[in-house]
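Just so it is clear, the model here is predicted, and its values are computed rather than measured.
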Amino acid sequence: MSDTQRDPGSSRGEQIEAAERESAKQRILAQAEADRIPVEETTRAVPDRRWRRGQR
């Protein structure tokens, strides 16, 4: 006998929880992608004018 035949209520609850977890995971991944900063922007060298002023 499978789990669905023995205790259909538990299996349904587990299915609902799995679906909710997957939905939450997708929301988190979508938010992370929206907040992501491309690597090109994080590694670009920006001159520090304060440092250059000290050298003159």
Check: At what distance, to the nearest 0.5 angstrom, does CD1 of Ile16 lie from CZ of Arg12?
Finding: 4.0 Å
Next item on the list: Check side chain to side chain contact (heavy atoms under 4.5 Å, CB included) between Arg36 and all other residues, then give those that pass, not counting sequence neighbours.
Entry: Glu33
Check: Could you state the interatomic distance from CD (Glu22) to CZ (Arg27), rounded to the nearest 0.5 Å?
Finding: 11.0 Å
